[in-house]
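Just so it is clear: chains get the letters A, B, ... in the order the sequence lines come, proteins before strands, and each one is counted from 1.
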Amino acid sequence: MHKLLTRRLSTAVDKTYDICIVGAGPVGLSLAAKIGNSHYTNGNKICLIESSDVLKSLEENDTFSNRVVSVTPKSRLFLEEIGCWNNIPEEKVYPYNKIQVFDSNFKGSINFNSRYDEETEVSKASTAPKECTPSSSYDPVAYIIENNVIRSSLIKTLKNLNNEIEIFNNTKVNEIILDKGSFNDEWPIIKLDSGKVIQARLLIGADGQNSPVRMAANIESIGWDYDQSGIVGTLKVSGCSTVAFQRFLPTGPIALLPLKDKYMSLVWTLPKNISNLLFNLKKLNLKNDKMIFKEILNTALKNPKEDLLYFFSELEKLNDGKINFQNISEADKLKIELELNAIDFKFEREWGIKRLDSEQGGISVHDTIPVVEDIVKNSVAGFPLRLRNCRTYIGNRIALIGDAAHSIHPLAGQGLNLGLADSEALGRVLIKAIKNGDDFGLDYILEEYNSERYIKNLLMISSCDILEKVFVKVPSQFRIFEDLISFGLNSLNKMDVLKETLKKYAS
Amino acid sequence: MHFVRMIKRFQSSSTINKEEISKFASISNEWWDPKGKFEMLHRMNPVRVSYIRSILEEKLRATSLNKSKPFENLRILDIGCGGGLLSESLARLGGSVLGVDAGEEQINIAKLHKLKNKFHENLDLNYVQASAEQLCETEYEKFDVLCGLEIIEHVDDKSLFLKSCVDLVKPEGTLFFSTINRTPSSNFLTIFLAQNVLNWVPRGTHEFSKYITPVEFEKELNLLNCEKIQFTGMIFNPMLNKWSLVSKSDFLYQIGSDLEVNYILSCQKKKQN
Ligand SMILES: Cc1cc2nc3c(=O)[nH]c(=O)nc-3n(C[C@H](O)[C@H](O)[C@H](O)COP(=O)(O)OP(=O)(O)OC[C@H]3O[C@@H](n4cnc5c(N)ncnc54)[C@H](O)[C@@H]3O)c2cc1C
């Protein structure tokens, strides 16, 4: 017993909590709200630690932030349950009632409609762009909301809970000490960069892809990096739309999600070297860099895929590895500028479109895809793509949720939705355990969360990976495959049952 | 402390079988290992507490609305507390709990666990080594609630044990017991399968002849002036590795086999004439 006392005294603990959540991303915040919202959890001390400044007004800027997420109706239900949905300003929620998915040749397409659309719009030409504001009398396929808006609404929710959540803002977790103890009853010790040391019955990692909690718990994260990266941004387009578009290209899918008025949000997956180059061009502040980006973007959206492949191969020639973009000489800069000027991006694109039109005899299905007119300043950002899933989401007095537990190819835009589902499940399991007076840090209690979420996440993660492989990795010389994809999309479009299942799956 | 010393003076323990006590003592350092020999008990605990909670909430609906501390102001006796698994849960829900066990080692484990936890949570929880009859003889105090879970199947003189339990409760107080029925299926499942084949519980934990049927149980309780006796089955699902209460909509209930193996019961001591 002596040993026990000295070990504990060797690390002076300032305060103990029942639940400590690391990371005030949308997932961590929603879990805090779910637990704090319950009458059963009163008296449980809960804290939330976040290294950035989450309390500063996140929605101050009026332009769209580059990170938007597509929130499914199921996630909306959860946000309603925890009292957050009502805190999201109505004008910041952009519902869409249809996703149009194309293959790279525009031969096959599949539409995911909201129920309302299915019933009333069968006869209408599905190609005509809709009015800007969809009526709210039906269930949309999903809602586009900025990441920051969700976060700040969750913070607002936390301030009005019956159970107070202590927030350590601008505070980083420096070290985590885990020691099971003889009875599995040693609680994790968390050292903060403020010098404070706290201890918790249960430590929850909602701390994103590089989760320090996961690393401390030594939970292996399995997966791979894609040879691709993602580009996100906010675009101003011709005409407005409440339809989301996605086109599968051999170089990766490109998607437009409708925001307000003529604004749409871009999620574009493309080869790493190309996206690096595009970003580096931007940094060089060339005369034409914005125009070039816009033309390539429009080509990716609307042209025959060969046009895009041509642009990409021209760009790759520039990026032969000899140029050091970080420290570029004026001569090299001039050379790049000259070479870029030698390609008439605008002409090539317009010519490609004409070719497509004549091939397909005028108006074609892809006319519904809007044309990018402008790119909102400072809205473009890039990020690496990876697939990860942890071996387990729990340990003794440890649970992982959201991106800390898994990350997914963004082509389905499901990352946040999976995280919110984790948070709902873990919250439910914890509230039940608290109701039964359990020591809810023990892994046999947490196991219920793990077994509920693990399989579901794995299915979603792997089906996105399979989609990626089928649509992206297929070598272009195997045309037969592409025809199969077109065939697949077209027949899928006719198979209501399958589509319904897919849609359910996606929500 | 005074109370503890008083208890220690008692030598005889009539209802508790000496062998039974040491059986648990030898493995009691594993009490708090949820993956150890008491895994089944750990998994059963939430279900038992949820039953106790629902019965007491029903009863106290008018007086207690505190959802996070529903057992506030209740003096609870946990007889046969072992390492304190149930006692701690009851205390966490606001109860003022006395855990009692005849085994010295069990009580020490329970105390040690509480001591370690004291760094984190301040529970109204105490432990004493004694048997039910010894407690009775001290006439120390009467309790609002008594829990004797998974204990009667280890007791020799069941009538004396139950009489002591009822004596320890205030008039209109609530008693909870859980145990195993004496049926061919319970013999097969709890002794042959769980103990001898699958090693879910340590060999020799249970003896078939000591099991008690609901009918016998009810008869004893009736004689002891208890009323509102109600039984609920508990079943273990090996696929989910989970215990649950048998509800009225369950198949087992509808074919009348809900109490075949494990069951839990609650009753109320009558108001004195
Ligand atoms: C560009 C982009 C576009 C996306 N688009 C979509 C989409 O359309 N739809 C969708 O559903 N999902 C999308 N996602 C995924 C989605 O954003 C994530 O799944 C979601 O943000 C995960 O939330 P989280 O709370 O788990 O993690 P995060 O949002 O990463 O939050 C983790 C938090 O932990 C904090 N933290 C980390 N370490 C520490 C430490 N040591 N101490 C204290 N705090 C710490 C961080 O500061 C951060 O705030 C996208 C992701 C990206 C990058």
Side-chain angles (χ1 to χ4, degrees), chain A residues 1-5 7-9 11-13 15-20 35-36 38-45 162-163 179-189 198-202 396-397 429-448 450-452, chain B residues 29-36 38-54 57 65-72 83-95 97 108-123 125 239-243:
Chain A
M1 198 129 85
H2 254 325
K3 213 173 122 203
L4 188 137
L5 291 176
R7 184 171 55 211
R8 188 155 304 273
L9 290 176
T11 333
V13 172
K15 198 167 173 188
T16 62
Y17 293 87
D18 290 287
I19 298 175
C20 168
I35 298 170
S38 162
H39 291 292
Y40 294 108
T41 60
N42 271 340
N44 278 277
K45 281 176 286 170
N162 40 0
N163 197 352
D179 171 9
K180 279 180 85 159
S182 45
F183 295 126
N184 291 305
D185 51 0
E186 297 291 355
W187 292 11
I189 294 173
I198 64 172
Q199 202 166 17
R201 182 192 294 281
L202 173 63
N396 195 53
R397 305 197 175 276
V429 168
L430 291 180
I431 290 167
K432 191 174 100 189
I434 288 170
K435 214 176 142 186
N436 291 333
D438 286 326
D439 180 355
F440 52 80
L442 298 176
D443 47 10
Y444 77 95
I445 300 273
L446 302 173
E447 204 178 275
E448 194 173 333
N450 190 49
S451 54
E452 180 178 332
Chain B
N29 51 353
E30 291 190 44
W31 262 107
W32 284 97
D33 181 1
K35 292 271 160 72
F38 290 97
E39 182 178 354
M40 286 302 249
L41 211 51
H42 277 268
R43 290 184 183 276
M44 192 193 246
N45 199 45
V47 177
R48 306 190 303 189
V49 179
S50 74
Y51 176 82
I52 294 170
R53 183 179 177 137
S54 67
E57 263 178 347
L65 286 170
N66 187 343
K67 285 195 166 151
S68 60
K69 299 267 178 268
F71 300 162
E72 216 169 25
L85 207 56
L86 176 71
S87 302
E88 277 192 15
S89 294
L90 298 174
R92 234 175 249 129
L93 291 172
V97 180
N108 284 340
I109 291 282
K111 281 183 180 165
L112 181 64
H113 197 260
K114 184 201 151 187
L115 184 74
K116 292 188 78 182
N117 261 341
K118 223 168 120 180
F119 289 104
H120 312 306
E121 49 186 348
N122 217 350
L123 303 176
L125 172 62
M239 303 301 286
L240 300 174
N241 210 355
K242 231 168 107 175
W243 284 93

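You'll find the side chain of B:R48 stays beyond 4.5 Å of the side chain of A:N436, heavy atoms only.
When the side-chain hydrogen bond (donor to acceptor under 3.5 Å, both in side chains) test is applied to A:D438, no partner is found at least two apart in sequence or on another chain.
For the side chain to side chain contact (heavy atoms under 4.5 Å, CB included) with B:S68, the lone residue among A:I434, A:N44, A:N42 that qualifies is A:N42.
With hydrogens and angles ignored, the 3.5 Å screen pairs no side-chain donor or acceptor of A:Y444 with any backbone N or O of B:R43. Under a 3.5 Å cut-off, the side chain of B:R53 and the backbone N or O of A:K435 do form a donor-acceptor pair. Although no hydrogens or angles enter the test, the distance criterion places a donor-acceptor pair under 3.5 Å between the side chain of B:S89 and the main chain of A:G437.
How far CG of B:N241 is from CD of A:E448: 11.5 Å, rounded to the nearest 0.5 Å.
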